[in-house]
Amino acid sequence: AKSLSTGKVFPTHSLDSILRPQSVAIIGASDNRARIGGRPIRYLLEAGYQGLIFPVNPKHRLIQGLKAFQSINDISEPVDLAIVAVPAPHVLKVVRDCSARGVKGVIIFSAGFAETGSDGRKVQQQLADVAQTTGMRIVGPNCLGVYNSDIGFYGTFTTTLEDGFPIAGRVGLASQSGAYGSHLSLLAKHRRIGVRYWITTGNESDISVPESIAWLADQPDVDVIVAYAEGITDRDMLLLALERARASKKPVVIMKVGTSDVGAEAVASHTASLAGADVVYDAAFRQFGAYRAYSTEEMLDVAYACTFGIY
């Protein structure tokens, strides 16, 4: 991808394997449908996901009626995406095993990384190194996952889906915060705003909100982009993403929080990101025509208005 204004070239890694997987392994899968490792399996089955589902847990032979595997290496079929729901001390090995196995993308639910301090940051950097050296994409760690409502793919453990799955639509939503992203998704359903793609990026060891915006801008089945950011460390990717959305004539409605010193400190403790100078964000949003919302209601109102004429 090349920025039209700066000429800078960016990697063209696709998020397709994460948002449109044809096969999914859940590592740390649970037979308990209420547990973190059980919810995504439950949602995939209930939503009628047509891809292959591979629960991985050495303690079980069957999980929620599906054959369970001892490890990722015991799966003979290709695996597009692995969802990792194991304790933090085991995550790095699991991710490396996935990379060696040829898995294209990984979603890490597990917490206990950069948001916990220096030791956690070191391990998170090792996760980032795996993505950079192998090309395997990583969402997280410390995230609630993603979904693609069009194909019934719900790679998430958010409890808000117990209220029902999203309605059909052409909105893409990206959020650093899984809790807030879940809240937005739920409110959007109640407001009859159809969210097709939902991405929560967590600590952003690899995939970030700006890259998610850029990917959504390229999707022919997305017309409106909604984003929530607590801190953005890749300025160039943000500018590229906003530029691509504008070139694609897709409105971006974005909320950027952490504007005060106290807010910035709270943000850093949540997702281990940097809040940055608020005036810089204002200037960037104005330059590329993104609408900056200052409340949840405002964000949803503007997003809803942008969908008129779409459905």
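No experiment lies behind these values; they were computed from the predicted model shown.
The backbone N or O of G38 lies less than 3.5 Å from a partner atom in the side chain of Q64, making a donor-acceptor pair. Side chain of S248 to backbone of K250: no donor-acceptor contact under 3.5 angstrom is found. Of the possible donor and acceptor atoms, one in the side chain of T156 sits under 3.5 Å from a partner among the backbone N and O of L144. Checked by atom type and distance alone, the side chain of R33 never pairs as donor or acceptor with a backbone atom of R42 at under 3.5 Å. When atom types are taken as modelled, the side chain of S177 and the backbone of Y180 share a donor-acceptor pair closer than 3.5 angstrom. Proximity of a side-chain donor or acceptor of Q70 to a complementary backbone N or O of P58 within less than 3.5 Å is detected. Side-chain atoms of R244 never come within 3.5 Å of backbone atoms of L239 as a donor-acceptor pair (strictly under, hydrogens ignored). With E204 contributing its side chain and G140 its backbone, the two residues share no donor-acceptor pair below 3.5 Å.
F285 and Y281 have tilted rings, their planes meeting at an angle from 30° to 60° on a 0 to 90° scale. Note on ring orientation: taking the six-membered ring where Trp is involved, the planes of Y49 and F153 are tilted (angle from 30° to 60°).
The CD1 atom of I199 sits 10.5 Å away from the OG atom of S175 when rounded to the nearest 0.5 Å. Taking CD1 from I83 and OH from Y154, the interatomic distance works out to 13.5 Å, rounded to the nearest 0.5 Å. With rounding to the nearest 0.5 Å, the separation of CG in D223 from CG in L216 is 11.5 Å. Between atom CG of residue L19 and atom OG of residue S212 there is a gap of 8.0 Å, rounded to the nearest 0.5 Å. A distance of 8.5 Å separates SG in C98 from CG in N73, rounded to the nearest 0.5 Å. The distance from atom NZ of K189 to atom OG of S149, rounded to the nearest 0.5 Å, is 12.0 Å.
By the neighbour-count criterion of 12 heavy atoms within 6.0 Å, atom OH of Y304 is sparsely surrounded, having that number or fewer from other residues, nucleotides or ligands. Counting heavy atoms of neighbouring residues, nucleotides and ligands inside a 6.0 Å radius, atom NZ of K104 does not exceed 12 of them.
You'll find the side chain of I232 stays beyond 4.5 Å of the side chain of S208, heavy atoms only. Between R121 and E115 the shortest side-chain heavy-atom distance does not fall below 4.5 Å. P87 is not listed as a side-chain neighbour of S110, based on a closest heavy-atom distance of 4.5 Å or more. In this structure the side chain of V24 never reaches within 4.5 angstrom of the side chain of D80, judged on heavy atoms. At least one side-chain heavy atom of L242 sits less than 4.5 Å from a side-chain heavy atom of L238. With a 4.5 Å cut-off on side-chain heavy atoms, W198 and P166 do not count as touching.
Between K256 and E230, none of the side-chain N atoms (NZ, or NE/NH1/NH2) sits under 4.0 Å from a carboxylate O, so this pair counts as no salt bridge. The residues R196 and D221 are annotated as salt-bridged, a charged nitrogen and a carboxylate oxygen being separated by less than 4.0 angstrom. Ion pairing between R191 and E297 holds under the 4.0 Å rule for side-chain N and carboxylate O. The pair D278-R292 meets the salt-bridge criterion, with a side-chain N (NZ, NE, NH1 or NH2) lying under 4.0 Å from an Asp/Glu carboxylate O. Ion pair K93/D97 flagged as a salt bridge, since at least one NZ, NE, NH1 or NH2 atom sits closer than 4.0 Å to an Asp/Glu carboxylate oxygen.
Identified under the side-chain hydrogen bond (donor to acceptor under 3.5 Å, both in side chains) test for residues 15-24, with sequence neighbours left out: S14-D16, D16-R20, D16-W215, R20-Y197, R20-Q219.
Across all their heavy atoms, G37 and I26 have their closest contact at O-CG2, 3.8 Å. The two residues S205 and Q124 have their closest heavy-atom pair at CB-CG, 3.9 Å.
Linking ILVMFWY residues whenever their side-chain heavy atoms come closer than 4.5 Å, directly or via other members, leaves I167 and L300 in distinct clusters. In this structure, L186 is not a member of the same hydrophobic cluster as M299, with clusters built from ILVMFWY side-chain heavy atoms closer than 4.5 Å. In the hydrophobic clustering of this structure, L44 does not group with L62; members are Ile, Leu, Val, Met, Phe, Trp, Tyr whose side-chain heavy atoms approach within less than 4.5 Å, directly or through other members. Linking Ile, Leu, Val, Met, Phe, Trp and Tyr whenever their side-chain heavy atoms come within less than 4.5 Å puts F157 and I53 in one cluster.
Clustering of Ile, Leu, Val, Met, Phe, Trp and Tyr by side-chain heavy atoms under 4.5 Å joins V94 with I27, L52, F54, V56, F69, I72, I75, V79, V84, V86, V91, L92, V95, V103, V106, I108, F113, V123, L127, V130, M136, I138. Residues V280 make up the rest of the hydrophobic cluster containing V279, defined by ILVMFWY side-chain heavy atoms closer than 4.5 Å, directly or through other members.
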Tell me, with the steps shown, if Y291 and E298 meet side chain to side chain donor-acceptor pair (under 3.5 Å). CA-CA 10 Å; Y291 184 96; E298 183 182 11; 2.5 Å; yes
Between T158 and Y43, is a side chain to side chain donor-acceptor pair (under 3.5 Å) present by the stated rule, with each step listed? CA-CA 10 Å; T158 178; Y43 295 149; over 6 Å; no
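Each of T201, N203, T116, T200 was scored for a side-chain hydrogen bond (donor to acceptor under 3.5 Å, both in side chains) with N142, with one residue passing: N203.
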